[in-house]
Each structure stands twice: as structure tokens, then as C-alpha cells.
Q: 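Sharing a structure below in C-alpha cells format, with a few things to ask.
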Amino acid sequence: MKVLVVGGGGREHAICWKLAQSPRVTELYCAPGNGGIAQVATCVPIAATDVEAMVRWAKEQAMDFVVVAPDDPLALGMVDALEAEGIRAFGPRKNAAIIEASKAFSKELMRKYHIPTAKYQTFTDEQAALAYIDREGAPIVVKADGLALGKGVTVAATAEEAKAAVRDMMEGGKFGASGRTVVIEECMTGPEVTVLAFADGKTVVPMLSSQDHKRAYDGNQGPNTGGMGAFCPSPNYTPEIAERCMREIFLPTMEAMRAEGRPFQGVLYFGLMLTPDGPKVVEYNARFGDPETQPLMMMLETDLMDIFEACVDGTLDRLTITWKPGAACCLVLASGGYPLSYQKGYPISGLDQVPEWATVFHAGTRLEDGVYTNQGGRVLGVTATGRDLADAVARAYEAARPIHWTDMHFRTDIGKVWVD
Ligand code: AMP
Ligand code: GLY
């Protein structure tokens with residue numbers, strides 16, 4: 001099969017790395033890809049958001065199957081456009097990708113179908129939003145409605161901070177159109193767990209649980225990032241909690257989307273908080289998480305191509321998906337200064353000294369004259385498996401030791417602060 005993966009970060013590298021192991025994938029392409037992805041796939045210089053060019057290329061080159069990984073092309077309807085040309089595509093259609101693209105939609109869905117989540121109100125009027133904050137008091141959470149790269153959320157300790165966030169979003173245009181509608185919600189407490197699940201419109205099959213580390217610095221301090229490291233499975237996610245999530249959250253969400261005429265095919269990402277009242281949804285994403293996908297792909301035993309096809313064909317209930325025992329950890333190496341401003345173009349050394357039992361997924365690199373340079377905020381995801389979480393964490397750090405470039409930054413406590 002000729003397969004195209006859309007995207008160009010660490011997540012797409014992990015997906016390509018796993019697909020390249022499938023005997024059924026004979027040709028693998030990635031658009032736009034990156035320096036590291038080029039080791040396992042042929043990179044095609046088309047932007048992930050260029051729906052028209054992507055579909056045209058996939059058709060001209062007779063792709064048998066396309067995997068749409070990032071949120072933007074999903075929200076733009078790339079899967080619909082591929083299907084219209086008769087190309088099989090993994091990922092939700094536009095009308096289902098809205099579960100991530102609009103928080104107002106997802107909150108209303110949860111309210112209508114009694115799926116546990118934080119109490120909330122949606123506002124398009126600034127004065128009404130400010131008055132609501134005065135009424136409810138702090139702590140309180142303010143969110144931009146649309147896609148804001150996971151950075152449109154303020155967990156405010158005081159009413160003043162919450163109001164400043166509302167003003168920023170609604171007047172300041174900080175998030176453009178995404179911020180014109182804001183969602184204000186109750187502040188929940190408890191450890192956070194992520195569960196990614198394969199979905200074929202009817203059946204939902206959770207992967208191993210995982211945990212991201214969103215803050216830039218040790219001890220969960222500093223600004224929010226796209227994710228500084230991740231591991232799986234999460235020690236917080238017991239079989240009892242898993243059973244309860246399936247019954248109260250995963251199945252009801254699949255049913256709700258079907259009932260709304262928006263069957264969900266692809267990966268459904270459940271951001272969960274294990275509150276004193278039980279597990280509740282913090283957010284849905286309509287795609288694989290980054291960097292959660294990196295450790296997950298190293299733990300997955302089943303052929304990923306078989307899973308993707310089962311999702312598209314609606315035959316997930318007939319497939320057994322298995323995982324390796326133990327745990328995996330991905331340590332993100334970032335450019336100094338990320339998520340604010342940072343310098344690009346420094347040569348990266350030591351990649352050839354990384355032990356062969358670890359995998360270095362590239363998020364933002366370029367290969368020029370045989371030398372990799374940093375080209376993004378998150379640059380590399382050094383990923384290792386181990387017999388348990390502590391072992392996987394130790395091995396990821398050990399594997400990263402030879403790697404260096406000017407101003408390289410990473411957290412020293414990935415997998416060590418998993419209890420909030
Ligand atoms: P989101 O982009 O919705 O995942 O939010 C980013 C982060 O903000 C989450 O991972 C949580 O740590 C935090 N957060 C979001 N909503 C809430 C909430 N209602 N209560 C407490 N923390 C929240
Ligand atoms: N790791 C968070 C996300 O992919 O949204």
C-alpha cells in the first residue's frame with residue numbers, strides 16, 4: 001500500500017516509524033515531514049493545512065490511504081475532501097473534528113448527554129462574562145472557544161486574573177477569531193490522565209493511559225507548552241477507573257456523536273481529571289496527542305496499518321489490539337526560550353551516540369549537509385521503554401545524555417511528578 005501521513009512533528013515521526021514496520025506498507029510518504037521523518041518516509045513539501053494541494057498530490061500519486069494527524073487540516077475538512085476523491089483517509093470528518101475545534105460544541109455535547117465535566121457557561125458578550133466571574137468567584141477557568149494550540153486556557157487563582165484573561169481574549173484579539181467566544185468553567189482538582197482511543201464510528205478501543213507535562217519548567221512551573229514529555233501507562237489510571245471511564249465517558253461520547261449525526265472515526269483524545277467526584281472530561285481532541293503518541297507507538301504491538309484500516313472500515317470490534325508489558329517515556333528536548341522566543345539553526349551533536357534501544361523522534365529539525373539543526377520549539381523526543389515507569393524514565397534520560405546543542409532545554413522531572 002502507498003500511504004501518506006499528513007503533518008511534520010514528533011507525533012507524525014512516531015506514526016511513520018510504526019507504519020514503516022508494517023509489511024503491508026510498501027511506500028510511505030509524509031507531508032511536510034521533517035529532518036528525522038526523512039529516515040523512514042519520503043517527505044513531500046506540502047503544508048499540512050493546504051487541503052487542496054494535499055488532495056491533488058494524493059490523487060496524482062495514487063495514494064491508497066492517507067492519515068491526517070494534526071488538528072488544523074482535520075478542522076478544515078481534509079478527510080472529507082480526500083473521501084470525495086475516493087481516497088481512504090484515517091481521521092474524523094469536519095463535522096466530527098468539531099469536538100476539538102469548538103469548546104462551546106464539546107461542552108454542550110457533554111451537557112446534553114450527561115457526560116461528566118466541569119460546570120460552565122459560554123459567552124460572546126464581554127460584560128456578561130465579567131459579571132459571571134464576579135458571581136462565581138475564583139479559582140475559575142477561562143478558555144478561548146477555538147483552536148489555540150493548547151495555549152488558550154487560563155486557570156485563574158483570582159477573579160482579577162480571570163477577568164484580565166477575558167479582556168485579553170475578547171478585546172485584545174490574542175487568539176483571533178478563536179477568542180471571540182469564551183467558555184468559563186468551574187476549576188476541577190485531581191490528577192490528570194490522558195486516554196487516546198481508536199474509534200471507527202461505533203466501537204471505541206482505548207490505548208494505554210498516558211500523561212503529558214504541559215508546563216515548561218520543573219515542578220510544573222512556567223508557561224504552558226505543547227508538551228515537554230510524556231509517559232504511558234499512568235499509575236493513576238487503575239482498572240476500576242478505566243472501567244468507569246469506559247461506562248461514563250468513552251462509550252457515551254461515541255454514542256452522542258453518532259446520535260448527533262457526527263460519527264467519530266479516528267483517534268479520540270480524552271483529557272481527563274480524576275476528581276474527588278470521579279473522572280471528568282477536561283478536553284477532547286480529535287487526533288493523536290503530541291508527545292503522548294511517541295511512547296504509545298513504542299508500546300504498541302499490533303500493526304498500526306491494520307488498526308487504521310479497521311477504523312476506516314468500521315471493523316474495530318473484530319481486531320485485537322495488544323501492548324507490550326512495562327512502560328515507555330518520551331523526554332522532549334526543546335530550544336532554549338521555548339515556548340517564548342528562541343534561536344533556530346544550531347547544529348545538534350551526539351545523535352549518533354544514542355543507544356540503539358532508544359528512539360529519537362524528531363519534532364523540529366532540518367537535515368542540511370549531513371547535520372541536523374534545531375528548527376522549532378520542541379526539537380527532539382527521546383523515547384525509551386522499560387520494565388516499569390521508573391525504569392523507562394531512567395532509560396529515556398540516559399539515552400538523551402549524548403545529545404547537545406546551544407541553549408538546549410529540557411525538564412529534569414518527566415515521569416517523576418505524576419501525582420498532582
Ligand atoms: P485544555 O487546553 O482544555 O486541555 O486545558 C489546558 C490545561 O488547563 C489542562 O490540562 C488542565 O491542567 C487545565 N484545565 C483546563 N480546564 C480546567 C478545569 N476546568 N479545572 C482545572 N484545570 C483545568
Ligand atoms: N499533548 C497535548 C496535545 O496533544 O494536545
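Keep in mind that the numbers below use all heavy atoms, side chains included, and drop hydrogens, waters and symmetry copies. Order of listing sets the numbers, starting from 1, for every ligand and every atom in it. Index from 1, following the sequence. Since this is a predicted model, take the numbers as computed values, not measurements.
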Q: Nearest protein heavy atom to atom 5 (O) of ligand 2, by residue and atom, and its distance?
A: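 So the nearest neighbour among protein heavy atoms is R287 NH2, 2.9 Å.
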Q: Counting only nitrogen or oxygen atoms and a 3.5 angstrom limit, does E283 reach ligand 2?
A: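 No, there is no polar N/O contact under 3.5 Å.
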Q: Between T275, V153, I184, which one has a non-hydrogen atom sitting closest to atom 8 (O) of ligand 1?
A: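 Nearest heavy atom to atom 8 (O) of ligand 1 lies in V153.
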Q: Salt bridge (charged side-chain N to carboxylate O under 4.0 Å, His left out), that's the test. Do D134 and K163 meet it? Break it down for me.
A: CA-CA 9 Å; D134 276 331; K163 288 187 196 173; 2.9 Å; yes
Q: Quick one: do the S210 and E292 side chains pair a donor with an acceptor below 3.5 Å?
A: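 No pair is found: no donor N or O on one side chain lies under 3.5 Å from an acceptor on the other.
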Q: Quick check on contacts: which atoms of ligand 1 are under 4.0 angstrom from a heavy atom of M273?
A: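 Every atom of ligand 1 under 4.0 Å from some heavy atom of M273: 21 (C), 22 (N).
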Q: With a cut-off of 4.0 Å, which atoms of ligand 1 are near a heavy atom of C187?
A: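 That gives atoms 20 (N), 21 (C) of ligand 1.
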Q: Can you list the ligand 1 atoms lying under 4.0 Å from a non-hydrogen atom of E185?
A: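 Atoms satisfying the 4.0 Å criterion: 16 (N), 17 (C), 18 (C), 19 (N).
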Q: Using a 4.0 Å cut-off to any heavy atom of N285, which atoms of ligand 2 qualify?
A: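 Contacts of ligand 2 toward N285, numbered from 1: 5 (O).
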Q: So for G227, does at least one of its heavy atoms come nearer than 4.0 angstrom to any atom of ligand 2?
A: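 G227: no contact with ligand 2 (<4.0 Å).
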Q: At under 4.0 Å between heavy atoms, is it the side chain or the backbone of E192 that contacts ligand 1, or both, or neither?
A: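 Contact part for E192 vs ligand 1: side chain (C-beta onward).
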Q: What atoms of ligand 2 come within less than 4.0 Å of a heavy atom belonging to D212?
A: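 Contacts of ligand 2 toward D212, numbered from 1: 1 (N), 2 (C).
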Q: So, does G271 sit close enough to ligand 1 that a heavy atom of it is under 4.0 Å from the ligand?
A: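 Checking ligand 1 against G271, which is what was asked, there is no heavy-atom contact under 4.0 Å.
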Q: Given Y120, which partner from the list E185, K143, R111 fulfils the side chain to side chain donor-acceptor pair (under 3.5 Å) test?
A: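 With Y120 as partner, E185, K143, R111 yield a single side chain to side chain donor-acceptor pair (under 3.5 Å), made by R111.
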Q: Between R395 and E398, is there a salt bridge with N-O shorter than 4.0 Å?
A: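 No, this pair does not count.
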Q: Which of the numbered atoms in ligand 1 are under 4.0 angstrom from any heavy atom belonging to E283?
A: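 The atoms of ligand 1 under 4.0 Å from a heavy atom of E283 are 1 (P), 2 (O), 3 (O), 4 (O).
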Q: Between A157 and A138, which heavy-atom pair has the shortest distance, and what is it?
A: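 So the two residues come closest at O-CB, 3.2 Å.
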Q: For the residue pair V360 and T383, establish whether any side-chain heavy-atom pair is separated by less than 4.5 Å.
A: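 Result no, sub-4.5 Å side-chain heavy-atom pair not found.
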Q: Enumerate the atoms of ligand 1 whose separation from the nearest heavy atom of K143 is less than 4.0 angstrom.
A: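 Checking each atom against K143, I get 3 (O), 15 (C), 16 (N).
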Q: In terms of side-chain geometry, is the basic nitrogen of E283 or K214 positioned less than 4.0 Å from the acidic oxygen of its partner?
A: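 Looking at K214 together with E283, the answer is yes, because their closest N to O distance falls below 4.0 Å.
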Q: Within a reach of under 6.0 Å around CD of E52, are more than 12 heavy atoms found that belong to other residues, nucleotides or ligands?
A: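 No, because the 6.0 Å sphere around CD of E52 holds 12 heavy atoms or fewer from other groups.
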Q: Is the closest heavy atom of Y269 to ligand 2 under 4.0 Å?
A: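 So Y269 counts as touching ligand 2.
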Q: Taking both backbone and side-chain atoms of M188, is any N or O found less than 3.5 Å from an N or O belonging to ligand 1?
A: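 So ligand 1 has an N or O lying under 3.5 Å from an N or O of M188.
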Q: Identify, by atom number and element, the atoms of ligand 2 in contact range of G289, meaning under 4.0 Å from any of its heavy atoms.
A: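 Checking each atom against G289, I get 4 (O).
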Q: Flag K214 as yes when one of its N or O atoms lies below 3.5 Å from any N or O atom of ligand 2, and as no otherwise.
A: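 Not met; the criterion fails.
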Q: Hey, is NZ on K2 packed in by over 12 heavy atoms from elsewhere, all under 6.0 Å?
A: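 Atom NZ in K2 is crowded, with more than 12 foreign heavy atoms closer than 6.0 Å.
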Q: Quick one: are M228 and Y217 in side-chain contact, heavy atoms under 4.5 Å?
A: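 No, their side chains stay 4.5 Å or more apart.
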Q: Identify whether NZ of Lys or CZ of Arg in K416 sits under 6.0 Å from the centre of the six-membered ring of Y397 and within 45° of that ring's axis.
A: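 Because its charged atom sits under 6.0 Å from the ring centre and within 45° of the axis, K416 does stack over Y397.
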Q: Regarding ligand 1, does N224 bring an N or O atom to under 3.5 Å of one of the ligand's N or O atoms?
A: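 No.
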